[in-house]
Amino acid sequence: MSLYPIPSDDEKRIEVLDSFALMDTAPEQEYDHIIQMASRIFDVPTVLISLVHRNRQFFKARIGLDVCETGRDVSFCTYAMMESRVFVIPDATKDERFRTNALVTGYPNIRFYAGAPLITSEGHALGSLCLIDPKPRLTFSDRDQRILEDLAAMVLERMELRRLERESETSRNKFINITSTSPDAIICANSKNQITSWNASAEEIFGYSKEEALGKPLDIIMPDSMRARHGAGLARVASGGTARIIGTSVNLTAKRRDGSDVPIELSLSQWNEAGEPQFGAIIRDITSRLEAVKRLKHAAEYDDLTGLANRSSLKRRIRQACESHEPLALLLLDLDGFKDVNDTLGHSAGDVVLKIVAQRLRESVPDHHMVARLGGDEFVIVISETVDPIKTSELASRLISIIEEPIEFDNEPIHIGASIGISLKSGPEDDSEQMLGNADLALYQAKADGRHLVRIFTPELRQTALKKGAMSSSIRQAWENQEFELYYQPQIKLSDGSLAGAEALIRWNHPQLGVVSPGAFLPVLEASLLAVPVGEWILRTACAQAAHWRQAGCKNFRIGVNLFAAQFRARDFAKSVEAALADSHLPATALELEITENIILRNEHRLMEPLHYLRSLGVGIAFDDFGTGFASLSLLKDYPVTRLKIDRSFVSGSERNKKDEAIVEAVAKLAVGFDLEVIAEGIETVEQEHLMQQYACDEGQGYLYGRPMKAIDFTRLYMTSATNRISAGV
């Protein structure tokens, strides 16, 4: 019994397939053109025209695959041709039918597959036009399926026409035999240019009945502009010359009875009767084909949602400009706050935002410049005239202002922003990838500097990126080699000097460099994919250590843990904190999460629910570096903050002055009004300690009490009989 489905008409189907005489034939340009178009439209590396025979499948056309056939037993197409619509496999490794298939477990490592069946007009499935990707695709829209079906129809048209041509090549009799059933117009004419045969399809296409057409000159279906050339060709053949288009297919324009034009594909055959040349023409109305080609061309060059040029057209335009040494500037625009729109209002709102942004860009950028959607919420403007950095920056700033205007959705305003990176063509060595890469680095800098900004690429940005890339690689290696360690800095009660807890701080023990300064690696770590797992490790390690110290006798010990912004983007963040507390047997009141204003501003919609939930458990929430930002006061009333941490810049250092002391006093009074605790960071001297006591700060942290240290040293210094008091100058 076969392990794959077999059509009930399989033998007849194979007989029909053989009649096309396509198995084991050489590649042909018309089929190759279709699969190349499909590869561009769907952005897949592999496209095949598969013809399924008795025990194998042959690839009449292929791109992205090194073999020309496989066994039928591993063929996805043998499943696809059983369907009436497109057969889609989002991820073959998760499909019981294919997960152990050799084409999945080995080369070409198929994950995504979509195949449109090639079904003849008689209903026989010959194979499929299929797309293959080694990466899974969770969605393949109705629009995508319609486009693939259009392409499959084009493949089948060419196959059917080839079969008709073969059947009509041998003699007039065979030619005439197929006239009654053919969906194409089949017309015969003699050397005198008179029509001698006219089938029903010819009547339908051209509007003349058989009785009206027979005996008439072929001129009745020819546009005036073609008649002289046709007459000259006919005269040449009648006098013994050769017909130039015999045995080929050509696209022409013909004329209907009502005078309108119709695009046709013409295949011409010739034979002799009684010494006289006779001609037979197979004519196909290709109006629908040309419309499909037009639709497919648009799909290959334009983004379906916004109508802007797509990534493929963008890269082609940049490449042309670089190759012709045109002046060129790229503005890479990324929306700020777009992900929050999708998360809170849904993808329909996100689509509305993208459409309106695209419309605003089109209306604001001169027509001779290209506006394209690179993907997601990224857009690119290509300026290909004299490039002026000042004018380009001014245009970018105007675009940001235009995008920031409210967008109405369901009678509610949506507010988003934008950041723009600019890349200017600096020399003949620049190419499309480098130009886009430079713009991306400038965009990254614009976001790092605060968003809603414009930045122009400079070579220094690339050097910085290279250093970050090297640092990122080193950080991953450090994580794998367990080179990270937590240090702990004591936090004490200013009223009596007793130990309140500690702040957990990550350190990197580099095998060659020693302990690496946090400022050298934390920004890169926080922006990397390791931020979530490393943040989870910090949380769990700190909770376990705090639980150990509480069991050792410091019963009211509290641990402070800094959070990465990426941790809030994980949907189960609050649950992960709850699990860490449960696994370490640490009371929720013994944990204080430290967050900065930047984290709040970048994750405002995601933060509220998990923070309120954690606060309801008893977890403390400390607002770190308080006083250094802009929105701090307005955020206090909305977030479940329990403690303010006064930044060290207001407490210690040679630049500290009376204004800093005024800020400390104001923060302390503000905390009283909001019923919050206050801890001062950076206390280095007894004088500073006394000053913080004067301003009613509850706790202190700094070198006066201890530097960040390993857990073993913290235990030795503070987990003793003197646990409850820490003298100044430790």
Give a yes or no on whether the ring-centroid distance for F42 and F140 is below 6.0 angstrom.
yes
Just by distance, with hydrogens left out, do [X] and [Y] show a side-chain donor and acceptor under 3.5 Å apart?
{"X": "S364", "Y": "R360", "value": "no"}
{"X": "N310", "Y": "S313", "value": "yes"}
{"X": "D258", "Y": "S260", "value": "yes"}
{"X": "T70", "Y": "Q57", "value": "yes"}

Between L361 and L333, does the side-chain contact (heavy atoms from CB on, under 4.5 Å) criterion hold? Intermediate values first, please.
CA-CA 10 Å; L361 290 175; L333 182 152; 4.2 Å; yes
Heavy atoms only: give me the nearest P610-F573 pair and the separation to one decimal.
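Taking P610 first and F573 second, the nearest heavy atoms are CB-CD2, 4.1 Å.
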How close do H53 and R13 get, counting heavy atoms only, and between which atoms?
O-NH2, 4.0 Å
Is it true that, when you exclude [X] itself, more than 12 heavy atoms of the residues, nucleotides or ligands shown sit nearer than 6.0 Å to its [atom1]?
{"X": "K255", "atom1": "NZ", "result": "yes"}
{"X": "D95", "atom1": "CG", "result": "yes"}
{"X": "E408", "atom1": "CD", "result": "yes"}
{"X": "H33", "atom1": "NE2", "result": "no"}
{"X": "E204", "atom1": "CD", "result": "no"}

For the pair D351 and S348, evaluate side chain to side chain donor-acceptor pair (under 3.5 Å) and give the outcome as yes or no after the intermediate values.
CA-CA 5 Å; D351 288 348; S348 58; over 6 Å; no
Given side chain to side chain donor-acceptor pair (under 3.5 Å), test T253 with D261 step by step and report yes or no.
CA-CA 6 Å; T253 300; D261 290 337; 5.9 Å; no
If the plane angle is over 60° it's perpendicular, under 30° parallel, otherwise tilted; pick one for Y79 and F98.
perpendicular
Tell me, with the steps shown, if E11 and R54 meet side-chain contact (heavy atoms from CB on, under 4.5 Å).
CA-CA 8 Å; E11 287 304 317; R54 185 169 287 103; 2.7 Å; yes
Decide side-chain contact (heavy atoms from CB on, under 4.5 Å) for D144 and V88; before the verdict, give the C-alpha distance in whole Å, the side-chain angles of both, and the deciding distance to 0.1 Å.
CA-CA 11 Å; D144 292 334; V88 181; over 6 Å; no
Could you walk me through whether T120 and M159 pass the side-chain contact (heavy atoms from CB on, under 4.5 Å) test, one step at a time?
CA-CA 9 Å; T120 67; M159 291 172 62; over 6 Å; no
After noting the C-alpha distance and the side-chain angles of E28 and K60, does the key distance pass the salt bridge (Lys or Arg N to Asp or Glu O under 4.0 Å) rule?
CA-CA 8 Å; E28 296 178 50; K60 174 56 186 171; 2.8 Å; yes
When you compare the side chain of E160 with that of D184, does any pair of heavy atoms fall below 4.5 Å?
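The answer is no; the side chains never approach within 4.5 Å.
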